[in-house]
Engineer: 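So that we are looking at the same thing, I have put the structure below in structure tokens.
Positions are given from 1 along the sequence.
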Amino acid sequence: MKPPLGAPFTVHMGAELRAIGTVPAAVCAEPSRASFCLGTKTFRMDYSVAKDGSLSCAMKRADGSGELPVGGQVFPGRTIKDNSGATADQRYSGPVSLTFPNGENFPELLYESHAVAKESPNVEHATVILRDSVNPLRVELHVRAYKDESIIEQWTVLNNSMDKTVFVHRLDSVFFQSQSGNNTYLEWFDCHEGSEAGWPEREKLSKGSRILENRHGNRHITGPEPYFTLGFGASPDEDKTPCLVSALAWSGSTRLGFEINDFNILEVSCGVNQPRPVPVDPGKSMASPTFVCSFSEAGKGQASRNFHRWMRRYGMRDGDRLRLVDNNSWEGCGMNVAEKSVIEMMKMSAELGIELYVMDDGWFGNGANARTSDSAGLGDWQLNQQRFPNGLDPLIKAGKENNIEFGIWFEPEMINPKSDLIAKHPEWVMRVPGRELVLRRNQAALDLANPEVQDFMYHVVADVLSKYPGIRFVKWDANSSINNPYSPFLGPDRQGEMLNRHMSGYYAVMEKLVATFPKVDFQACAAGGGRADIGALKFSHTFWPSDNTNPAYRLGAIWNFTTCMPALSPTCHVTHAGKEFQPKYRFDIAMMGQLGMEVDPRRSAADYLAASHVGIAAYKSVREIVQLGDQYRHQSPFDSTTPSLNYVSADQNRAVILAYQTGDFKDPISVSSPLSGLDPARNYRVSEINLPPGDEKPRLSPSAKHVQTGSEWMKQGVPLIFTRKFDSAAVTLEFTGVRLTD
Ligand code: DGJ
């Protein structure tokens, strides 16, 4: 059973939340009132209540043996505890902080009751109710365990039963402790727009507090992507160190907190980065977004595979269906789109084997506000009459005739001051009263807290999709942050709700759109990695990792994004960026994810097009393995000049290896490319794909055996020879039908 779209994933305020707290009859693994556990295939979470009423958890192996490095108090109270349970010092921080009517800040949350519901054979959902020791204020902790995927998902809900408003500073989705203390290593990914999204930062945590924040409100543009990996005892690696891979399902500002306290205990607390306290009125509730994590005793690789399986089954749209090979107009021709040119590009794309043509920015706005540059038109979502005098029908018809789908770009959350919309609805724009409107890329954010704006956004997209049911794909962009942090709709007293209402507005529109147009694929985009989060993916099929399409950057970025994002989600476009890369290298890198192109085929050289034809065919031959199989990353591009990874189909019948050579060298380099995930007893035949005309010299060494058992391949690797910088190989292994034991 899939969890409902939207709730409880978004932060809602008010009555709609009540449904989340009502959990079906309890089926508790350990029915004692004050202890219970939630199990997955490889680990379990044991919860217990101490005499003083505080709730603790301990992560253990699935059979209950061995304390794993995550555990401790779930809601630390007014004191902290050391290993022996002794208490010390009053706390001044915690996962939940608010201003009570009397001015104090920290609740002391004590266990009141719990229920564990079996939502499906694979999913258990625990709801724990905790109550402040003094005030009638309750917090619900929700934890879902997904057995087969070894995934834990959790979130918190605050219910104000007091007779006065409370002001919530922090309602984190998760808080946990680890005895690993200052022997813990953190890896996180920068979301720097345009150039470094997905780039890794690695650090050993030390005493004190390390806070990673982003503050742009509606997307991730500086600071961390909302995910991280902890390595316990050593830096996160692929297959040795115990690792916890974690992500927050939130596309707005986030705060990831890591603190090593006076007892050398690591405390991790993550949630929304509230710009200011959120008022929660009597009888109302507030929920955090969900936090998702997986633990592996041997490297982040297994935790990533757990994430991929979970994302495909529960966390994203249509995770069981192949993504199309697309060509997007943006890098090829910018905003220079029109009926004739788009039809030409569609036809030429189809000849290359491309399955979907996406018309990007530039198709709307009229007269002085035509969208022919980024300075005008956003908000005026009427087709540009000069460019598309016959509407979109001729494009969709051309698509049908040439066997290529048609998709289109929108940026409904934003507005250019140079637009008809702003003249009609100045009150729809976020703007701090009395202050100048701060623009980014000549645009500002609409006030998504306003239901009228939500309705407008919905209709911007829905009206086009209804009029043109042939549209198969929507790219949803967002190119400025909340630079004018004031919602005219909420007015002076409710600005604390602004971020939550804004993001809930975005999610609500997405939820309605995807429900109305279930056959249309959506792509989450916000320039560089700004919506590369599992919150946006809940409503999307793919995400746009970055406007930087240089293959050298892409190799590292896609590598890192797959820490928690499955390979069918990052869109990997082959472009002309970077003169030093051969087409083969570009395609071998784009094969790591959802491969597509971003070129104007009319202006691409014949040899580039010929190589594209081969690259696309090669990708299609292994697409199912990459997109729906298991991924095994080996040497990382950040630690090696010969990085490689392989994918194995779910039935273990097929595998593909992608290997790269990025360093300077004089003589040919021989490498033995590692392989994992094969059935040791099956025989597999090796072959090489993606050898385009002019670059067809095999990288597979002549010494390679043609057929070996999985066990032999995995022991010996696949021998490759590279003869230049930025060389690469794409090699497949197919089960021959013979098993050793047959
Ligand atoms: C930013 C996106 O990242 C690009 O791919 C493109 O869609 C432009 N916006 C269009 O304005």
Engineer: Ignoring hydrogens and angles, tell me if any N or O in the side chain of Ser296 forms a donor-acceptor pair with the backbone of Gly299 under 3.5 Å.
Structural biologist: yes
Engineer: When you compare the side chain of Thr563 with that of Val245, does any pair of heavy atoms fall below 4.5 Å?
Structural biologist: yes
Engineer: Is the centre of the Phe258 ring less than 6.0 Å from the centre of the Phe228 ring?
Structural biologist: yes
Engineer: Looking just at side-chain N and O atoms, do Thr290 and Gln154 make a donor-acceptor pair shorter than 3.5 Å?
Structural biologist: no
Engineer: Please identify each residue that fulfils side-chain hydrogen bond (donor to acceptor under 3.5 Å, both in side chains) with Ser649, with sequence neighbours left out.
Structural biologist: Asp651
Engineer: Hey, does Ser569 have a side-chain heavy atom less than 4.5 Å from the side chain of Gln594?
Structural biologist: no
Engineer: Flag the pair Arg682 / Tyr684 as yes when at least one side-chain heavy-atom distance between them is below 4.5 Å, and no otherwise.
Structural biologist: yes
Engineer: Under a 3.5 Å cutoff, is there a donor and acceptor pairing between the side chains of Asn306 and Gln302?
Structural biologist: yes
Engineer: Is the backbone N or O of Leu658 less than 3.5 Å from a side-chain atom of Asp588, with the two atoms forming a donor-acceptor pair by type?
Structural biologist: no
Engineer: Among side-chain atoms of Gln652 and Asp679, is any donor-acceptor pair under 3.5 angstrom?
Structural biologist: no
Engineer: Using side-chain heavy atoms (C-beta onward) and a distance below 4.5 Å, is Arg317 in contact with Leu537?
Structural biologist: no
Engineer: Could you tell me whether His125 and Trp155 have their ring centroids closer than 6.0 angstrom?
Structural biologist: yes
Engineer: Would you tell me whether Thr42 and Ser150 have side-chain atoms, one donor and one acceptor, within less than 3.5 Å of each other?
Structural biologist: yes
Engineer: Does Glu297 pair with Arg61 as a salt bridge, N-O distance under 4.0 Å?
Structural biologist: yes
Engineer: Just checking, is any N or O donor in the side chain of Trp310 or Glu153 under 3.5 Å from an acceptor N or O on the other one?
Structural biologist: no
Engineer: Please determine, by modelled atom types, if Asn214 and His220 share a side-chain donor-acceptor pair under 3.5 angstrom.
Structural biologist: no
Engineer: Under the criterion ring pair (Phe, Tyr, Trp, His ring centres under 6.0 Å), which of Phe176, Phe36, Tyr111 is the partner of Tyr47?
Structural biologist: Phe36
Engineer: Is there a side-chain contact between Trp713 and Gln708 in this structure, where contact means two heavy atoms from C-beta onward sitting under 4.5 Å apart?
Structural biologist: yes
Engineer: With a 3.5 Å distance limit and no angle check, can you tell me whether Gln635 reaches the backbone of Thr642 through a side-chain donor-acceptor pair?
Structural biologist: yes
Engineer: Report yes if the distance between the aromatic ring centroids of Phe522 and Phe539 is under 6.0 Å, otherwise no.
Structural biologist: no
Engineer: Go through the side-chain N and O atoms of Tyr185 and Thr229 and say whether any donor and acceptor fall under 3.5 Å apart.
Structural biologist: no
Engineer: Using modelled atom types only, decide if a donor and an acceptor are shared between the side chain of Arg219 and the backbone of Ala478 within a distance under 3.5 Å.
Structural biologist: yes
Engineer: Strictly below 4.0 Å, N to O, side chains only: are Glu259 and Arg210 in salt-bridge contact?
Structural biologist: no
Engineer: Please test Ser269 against Asp172 for side chain to side chain donor-acceptor pair (under 3.5 Å), starting from the C-alpha separation and ending with a verdict.
Structural biologist: CA-CA 6 Å; Ser269 201; Asp172 279 354; 2.6 Å; yes
Engineer: Could you tell me whether the side chains of His308 and Asp630 share a donor-acceptor contact shorter than 3.5 Å?
Structural biologist: no
Engineer: Give a yes or no answer on whether the side chain of Gln627 reaches the backbone of Glu624 with a donor-acceptor pair at less than 3.5 Å.
Structural biologist: no
Engineer: So do the side chains of Val731 and Val656 get within less than 4.5 Å of each other, counting heavy atoms only?
Structural biologist: no
Engineer: Side chains of His573 and Asp326: any donor to acceptor distance under 3.5 Å?
Structural biologist: yes
Engineer: Compute whether any side-chain donor of one residue and acceptor of the other, for Ser504 and Asn500, lie under 3.5 angstrom apart.
Structural biologist: no
Engineer: Look at Lys300 together with Glu187 and state whether they make a salt bridge at an N to O cut-off of under 4.0 Å.
Structural biologist: yes
Engineer: Side-chain contact, heavy-atom cut-off 4.5 Å: Gln631 with Pro566?
Structural biologist: no
Engineer: Please step through side chain to side chain donor-acceptor pair (under 3.5 Å) for the pair Tyr314 and Asn122, ending with a clear verdict.
Structural biologist: CA-CA 11 Å; Tyr314 297 102; Asn122 193 40; 2.9 Å; yes
Engineer: May I ask you to check whether Phe638 and Trp199 place their ring centers less than 6.0 Å from one another?
Structural biologist: yes
Engineer: Quick one: pull up CH2 in Trp559 and OG in Ser644 and give me the separation to the nearest 0.5 Å.
Structural biologist: 6.0 Å
Engineer: Kindly indicate whether the side chain of Val325, heavy atoms from C-beta on, has any atom under 4.5 Å from the side chain of Tyr619.
Structural biologist: yes
Engineer: Quick one: does Ser178's side chain have a donor or acceptor within less than 3.5 Å of a partner on Ser180's backbone?
Structural biologist: yes
